[in-house]
J.: 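Sharing a structure with you now.
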Number of protein chains: 2
Amino acid sequence: MRLSVSPDTFPPRGHEAKRLSIVDAAAGVFCREGFAGANIDLIAAEAGVSRQTIYNHHGDKEKLFVAVVRDLTERCNAGIFATIATFPDQPKDLEADLIGFAVRLNQNCICNRDGKFLRKLIQTEGERYPELFAEWREQGPGRTWPAIAARFARLAYGGYLAIEDPDVAARQFLGLVNAELQTTFMLGGTPREDEVLQSATNGVRTFLRAFGKRRSVASVEKQSALASA
Amino acid sequence: MRLSVSPDTFPPRGHEAKRLSIVDAAAGVFCREGFAGANIDLIAAEAGVSRQTIYNHHGDKEKLFVAVVRDLTERCNAGIFATIATFPDQPKDLEADLIGFAVRLNQNCICNRDGKFLRKLIQTEGERYPELFAEWREQGPGRTWPAIAARFARLAYGGYLAIEDPDVAARQFLGLVNAELQTTFMLGGTPREDEVLQSATNGVRTFLRAFGKRRSVASVEKQSALASA
DNA sequence: GACGATTTAGACAAGAGTGTCTAATTTTGT
DNA sequence: ACAAAATTAGACACTCTTGTCTAAATCGTC
């Protein structure tokens, strides 16, 4: 695909690497400084390229911003779906497995660099780019929530949970396991690993108090196994 | 206090009214445009004063920003404590009363103008003003969470709830009743009244499934009353 | 009506940032 | 090693913004 036959495809290479480092640096600067406060020269310096190269690649500041959001959305979605794939469909220990899932979701999708950046850009500039973030909403929450809800539905169907509305349950699950991290998220901080675990543990316990089947044989076994361990 | 005796107090008046309208307008513009993008001329226009007046009152853009955050924090805190005062200490219908409280909390503290603005400024500029927002954290969450937790502890002590850790329960309560509003909050939107009620209702029901005492006589009565209604 | 203080409109200097252009340099494929 | 393409540094015009200054107008009080 890099042969001279290609009519309008990409320039040689190294090109793509630069594009990446530009978008990466831009993400950081846009997040720190906001769109208006972001300085192209600073982005260039952090990306290790010249200002002109940025203009060659992306045209102008606004197009660069759009590219950043698209990139982040795509990477975050990939991360979320990869994590959803680890959802415990046939849990051995429901509590432990759900806690594990919650922790993975946090560490791989919400607290990591991409997640933090995307969240901040949405909060900061969401109102300024309605179409762009409408797109995000479709591609992101619009696809991930149903996927998560489907997993909870499956768990309910398998007799592990007593939930009526899987969509509500999915949202409440996330609300619970992140309940103790909200203030940290607000200020743009990253919770420590033990804080994530703590919040997930408390959240899942409450979730199971509400929706867990009353101590099936399996869960009682686990319970005593844990107690004796 | 307006007599000529006062040595260094405030100028006559109307003064204070101007200060208010400046801070109000500034809050709106800072939220829409971010600190860097906010334009003093625009703030002046929206406040209906001249640019010079802003400088007379607040010195410079940064001091104005600090004044805005302080004002919002103060007003929001007042609103939150006023709402906490309506917490159902001796509930007649625990579910309905908690739903009512959740809805009030949302409408009076989170979804109203001040709440939205403060939240956005924290998210947007929190990292740039560590001391300012550390102050907010102390004055705001640092004081309101214990107050809310104390109310839940009281409910537990009164036999209405079975909770171990009132602090955790308080945070989970808010996480649950706002679980379905997160995406809207992210994009800076205001959920409709029925969405708030829906989320609160679902959240409180789950909360009570987890922490409610098993169907006291009173709650069974309510339950059937509702069913027949 | 007169006085003092505040507010106003507008001009202003100084600085910063965007986006363009050019010529020199480096990289890449053959 | 050569040629084409991409990258770079720097200068540049242009715009926008902040914060100051001044003289005129307005307000509130006596």
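Each chain gets a letter, A, B and so on, in the order the sequences are listed, and its residues count up from 1. Scope of the values below: all heavy atoms of this structure, side chains included, with no hydrogens, waters or symmetry mates. Treat the numbers as computed from the prediction; the structure is a model and nothing was measured.
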J.: Between B:Gln52 (CD) and C:dT6 (P), how many Å, whole number?
T.: 13 Å
J.: Can you identify which nucleotide, out of C:dT7, D:dT17, C:dG17, has its nearest atom closest to the B:Asn39 side chain?
T.: D:dT17
J.: Distance-only, no hydrogens or angles: does the B:Thr86 side chain make a donor-acceptor pair with backbone N or O of B:Ala82 under 3.5 Å?
T.: no
J.: I want to verify a distance call: between C:dT8, D:dT7, C:dT18, whose nearest atom is closest to the B:Ser50 side chain?
T.: C:dT8
J.: Please state how far atom CD1 in B:Ile22 lies from atom C1' in C:dT7, giving the value in whole angstrom units.
T.: 10 Å
J.: What is the distance from OH of A:Tyr55 to C1' of C:dT22, rounded to the nearest Å?
T.: 17 Å
J.: From the options C:dT8, C:dT18, D:dT7, select the nucleotide whose nearest atom is closest to the side chain of B:Thr53.
T.: C:dT8
J.: Would you tell me whether B:Gln123 and B:Arg119 have side-chain atoms, one donor and one acceptor, within less than 3.5 Å of each other?
T.: no
J.: Starting at CG of B:Leu42 and ending at P of D:dT17, how long is that distance when rounded to a whole Å?
T.: 9 Å
J.: Roughly how many Å is it from CZ in B:Phe35 to C1' in D:dT18, rounded to a whole number?
T.: 11 Å
J.: Looking for any heavy atom pair under 4.0 Å, which part of the strands does B:Ala38 touch: base, sugar-phosphate only, or nothing?
T.: sugar-phosphate
J.: Give A:His58 one of three labels, base, sugar-phosphate or nothing, depending on what nucleic acid heavy atoms sit under 4.0 Å from its own.
T.: nothing
J.: If you only use heavy atoms from C-beta on, which nucleotide in D:dT8, C:dT8, C:dG19 is closest to the side chain of A:Lys61?
T.: C:dG19
J.: If you assign each of A:Asp41 and B:Asn56 to its closest nucleotide in DNA chain C, which residue comes earlier from the 5' end?
T.: B:Asn56
J.: Can you check whether A:His57 has a side-chain N or O nearer than 4.0 Å to OP1 or OP2 of D:dA6?
T.: no
J.: Give one of base, sugar-phosphate or nothing for A:Gly48, where a contact means two heavy atoms less than 4.0 Å apart.
T.: sugar-phosphate
J.: Under a plain distance cut-off of 3.5 Å, with no hydrogens placed, do B:Gln198 and B:Asn202 share a side-chain donor-acceptor pair?
T.: yes
J.: Distance check needed: C:dC21 C1' versus A:Ile54 CD1, whole Å only.
T.: 17 Å
J.: If we count only N and O atoms by modelled type, under 3.5 Å, do the side chains of A:Lys116 and A:Thr190 hold a donor and an acceptor together?
T.: yes
J.: Does the side chain of B:Gln139 come under 3.5 Å of the side chain of B:Thr73 through a donor N or O and an acceptor N or O?
T.: no
J.: Can a side chain N or O of B:Lys18 be found less than 4.0 Å away from OP1 or OP2 on C:dT8?
T.: yes
J.: Between D:dA11, C:dT8, D:dT18, which nucleotide has the shortest distance from any of its atoms to the side chain of A:Arg51?
T.: D:dA11
J.: Can you tell me how far P of D:dA6 sits from CZ of A:Arg19, to the nearest Å?
T.: 16 Å
J.: For A:Asp60 and C:dG19, give me the distance from atom CG to atom P, rounded to whole Å.
T.: 5 Å
